[in-house]
Asks: 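Got a structure here, written out as structure tokens. Questions coming.
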Amino acid sequence: MLILDIIAWAFRPSTLVLALLALVARVVYLILVPPKVNDGGVPYIPALKTLYWTFKSRPSRMDLCTKVDIPALRSTGIVRSWLWGRWMYKTNNPEYARQLFLKTTVFQKIELHNVVPYVFRAVAAGGNLMTENGDHFKAHRSIVGPSFRRAWPVSTFRIHMQKLENIIRRQGAALDVLQACRRATLDVLGQIIMGADFGALDNTDGELLEICWDVVEAGIEPLYLVFPFLDKFPVGKRARSFANLKKFHRFIESTIDAKRTELHRRGKLSDEERNEADLLTLMIEAHEYTKVHGAFDENGKLLPSMTSEELRNNTIIFFVAGHDATAYSLSHLLAELALHPDIQQRARDRVISVIGDKPDAFPTDEQLHELADLDMIIKESMRKSSTVSDVRRQLTEPVTLGPYTLPKGAWVMVDMWAMQNDPRYFPDPEKFIPERFSESNHNVPFSWAPFSEGTRKCIGHKFAMITQRIVLIMLVHRFTWTLPKHSPFLVKPLTTTSGLISPIDLEIDFVARHKH
Ligand code: HEM
């Protein structure tokens, strides 16, 4: 009887209202009431201010950067906020950034799968190269790293570039650039990661494509990045994303099984086969080897072995980390060149001077190498609009940065937008000046870090740069492009504001340069 009475009491409307009020009060308390901290006087900015600019209508990461972050960081180069019961320090000082990038035992990756194991991203990729620390990280890197140390021949991209060209030729005006870039990068990544054809550029929109996109998007959904606890109760679309994740896991696991069986059948890969193999095949080969011989760190210490589940997780993390980051960076690049027709034309002249102007000209590996100076344009675009908004770490012990001592357990982030758009490090930051990255110009060390730096630098950075260079070469050769008259980008770039920064409502008018 007593139990029934308690249940009846718990479900009375007034009790539920009280419980809800208590929950709201707790959340407001966590957001608004920071405890005292003795860090030497780092200035405090209310997290609500940042949240306001993050969720503002007509959002712009540049607005958040120039109106909130850079002014706040002007005098000290570091500020602190209180959010969800922890101190978060934000810096745009390249020297502080250097320490965060290089001192990896003190500035540790936040192990999402241990801190908030229920959030989508943690469930998606569990323990993996991107979130592990210490010996586990070294074990992952020893298996994954070698597969990235290879040349990326232009032949890898050719078929995808032709398909992208066809899409742009068909659509021409008001092309949804972000979607076109996402299709291109997914097909390229599907091929190099696991030799799979996602059919994204064929516009077939099959089940695999839908599942992969849903999984990648769900992992960077801003609402859940800011309010991770919502993932404790996935409903509706979010619950469907979790179901899709299971399917994606099964697809990757079956691909791994098939590739492992094939490797056992064929025995050791020849050098030639290894040059052409996808990343997953190389990782499986390295994994099989370490299962027998073990993996060791630089001092000869035996590292923990990597499980099959972690092999799957690392495959997923390549899609999660590589797909949208490359697609968004490409979209920012195309927007900048639409705004700067003179620089677009200079790039075109340069490309034509190397590969000629035949309608179907495509660079050879040597010509691709010769056109490395185009990277100045790509780097300048990544400076102004860093796709990865910030790099975050958790302190394993108190750390002294300049006159300040930050407490153990605090989160510290390098804000790439505020660093790369600060006039102290890049004069006239609002201007698009690729020559900042010429060999004769020396920027402040660590002030440009869209791929992060140090041992945790993006493992795919070379591949991402080559992909962007090839797309740039192909597009300036085949098309000229401008922003439509109604484009919001003519006033200011509309973008998402947290996590991975993508353009919003970016349409571009393309005109083919050659008749077909
Ligand atoms: C323009 C495209 C890209 C950008 C801007 C980018 C940016 C970054 C950044 C900033 C980090 C460091 C994150 C941190 O330290 O917290 C990172 C790490 C990583 N990226 Fe990328 N990335 C890109 C493309 C790729 C590609 C194509 C792949 C794989 C195919 C990839 C795989 C990874 C992985 C596995 C890590 C974790 C590395 C580690 O912790 O050791 N990324 N990326």
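In listed order, ligands and their atoms are each counted from 1.
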Asks: Specify whether an N/O/S atom of His461 falls short of 2.8 Å from atom 21 (Fe) of ligand 1.
Replies: no

Asks: Between Glu380 and Arg436, is there a salt bridge with N-O shorter than 4.0 Å?
Replies: yes

Asks: Would Arg346 and Glu435 pass as an ion pair if we require N to O under 4.0 Å?
Replies: yes

Asks: Once you round to the nearest 0.5 Å, how far does CG of Asp214 lie from CD of Glu217?
Replies: 7.0 Å

Asks: Looking at Arg183 and Asp202, does any basic side-chain N land under 4.0 Å from a carboxylate oxygen?
Replies: no

Asks: Specify the protein heavy atom at minimum distance from atom 8 (C) of ligand 1: its residue, its atom name, and the distance to 0.1 Å.
Replies: Cys458 CB, 3.5 Å

Asks: Just going by heavy-atom distances, which of Ser389, Pro450, Ala327 is nearest to atom 5 (C) of ligand 1?
Replies: Pro450

Asks: One residue to check: Ser386. Relative to ligand 1, which of side chain, backbone, both or neither has a non-hydrogen atom less than 4.0 Å away?
Replies: neither

Asks: So which protein heavy atom does atom 16 (O) of ligand 1 come closest to, and at what separation?
Replies: Arg393 NH1, 3.1 Å

Asks: Is Lys384 reaching over with its side chain to a backbone N or O of Phe432, donor-acceptor style, under 3.5 angstrom?
Replies: no

Asks: I need the atoms of ligand 1 closer than 4.0 Å to a non-hydrogen atom of Val391, numbered in the order shown.
Replies: 14 (C), 15 (O), 16 (O)

Asks: What protein heavy atom sits nearest atom 37 (C) of ligand 1, and how far away is it?
Replies: Met130 CG, 3.5 Å

Asks: I need the atoms of ligand 1 closer than 4.0 Å to a non-hydrogen atom of Phe137, numbered in the order shown.
Replies: 41 (O)

Asks: Please confirm whether Arg456 comes within less than 3.5 Å of ligand 1 when only nitrogen or oxygen atoms on both sides are compared.
Replies: yes

Asks: Output the list of atoms in ligand 1 that are nearer than 4.0 Å to some heavy atom of Ser329, sorted by atom number.
Replies: 1 (C)

Asks: Validate the cation-pi geometry between Arg383 and Phe426: distance from NZ or CZ to the six-membered ring centre under 6.0 Å, angle to the ring axis within 45°.
Replies: yes

Asks: Going by the order shown, which atoms of ligand 1 are within less than 4.0 Å of some heavy atom of Met382?
Replies: 1 (C), 5 (C)

Asks: Which heavy atom of the protein is the closest neighbour of atom 12 (C) of ligand 1, given with residue, atom name and distance?
Replies: Ser452 CB, 3.6 Å

Asks: Any cation-pi pair here, Arg456 with Phe137, using under 6.0 Å and within 45°?
Replies: yes

Asks: When you measure from atom 26 (C) of ligand 1 to every protein heavy atom, which one gives the shortest distance, and what is it?
Replies: Gly322 CA, 3.3 Å

Asks: Nearest protein heavy atom to atom 34 (C) of ligand 1, by residue and atom, and its distance?
Replies: Ile459 CG2, 3.7 Å

Asks: In ligand 1, which numbered atoms sit nearer than 4.0 Å to a non-hydrogen atom of Lys109?
Replies: 14 (C), 15 (O), 16 (O), 40 (O)

Asks: Less than 6.0 angstrom from the centroid, inside 45 degrees of the normal: does Arg182 satisfy that with respect to the ring of Trp213?
Replies: yes

Asks: Short list, please: which atoms of ligand 1 are under 4.0 Å from a heavy atom of Ala464?
Replies: 1 (C), 2 (C), 24 (C)

Asks: Looking only at protein heavy atoms, which one is nearest to atom 38 (C) of ligand 1, and what is the separation?
Replies: Arg141 NH1, 3.9 Å

Asks: When you measure from the centre of the six-membered ring of Trp87, is the NZ or CZ of Arg80 closer than 6.0 Å and no more than 45° off the axis?
Replies: yes

Asks: Inspect the surroundings of NZ in Lys408 and state if more than 12 heavy atoms from other residues, nucleotides or ligands are less than 6.0 Å away.
Replies: no

Asks: With heavy-atom distances below 4.0 Å as the criterion, list the atoms of ligand 1 near Thr326.
Replies: 1 (C), 2 (C), 24 (C), 27 (C)

Asks: Does ligand 1 have a heavy atom under 4.0 Å from the side chain of Ile192, from its backbone, from both, or from neither?
Replies: neither

Asks: Please write down residue, atom name and distance for the protein heavy atom closest to atom 4 (C) of ligand 1.
Replies: Phe451 CE2, 3.5 Å

Asks: So does Phe296 have more than 12 non-hydrogen atoms from other groups sitting under 6.0 Å from CZ?
Replies: yes

Asks: Hey, is His140 one of the residues with a heavy atom under 4.0 angstrom from ligand 1?
Replies: no

Asks: Is a side-chain donor or acceptor of His332 paired with a backbone partner of Ile501 at a separation under 3.5 angstrom?
Replies: yes

Asks: Within the side chain of Asp390, is there an N or O that forms a donor-acceptor pair under 3.5 Å with the backbone of Asp415?
Replies: no

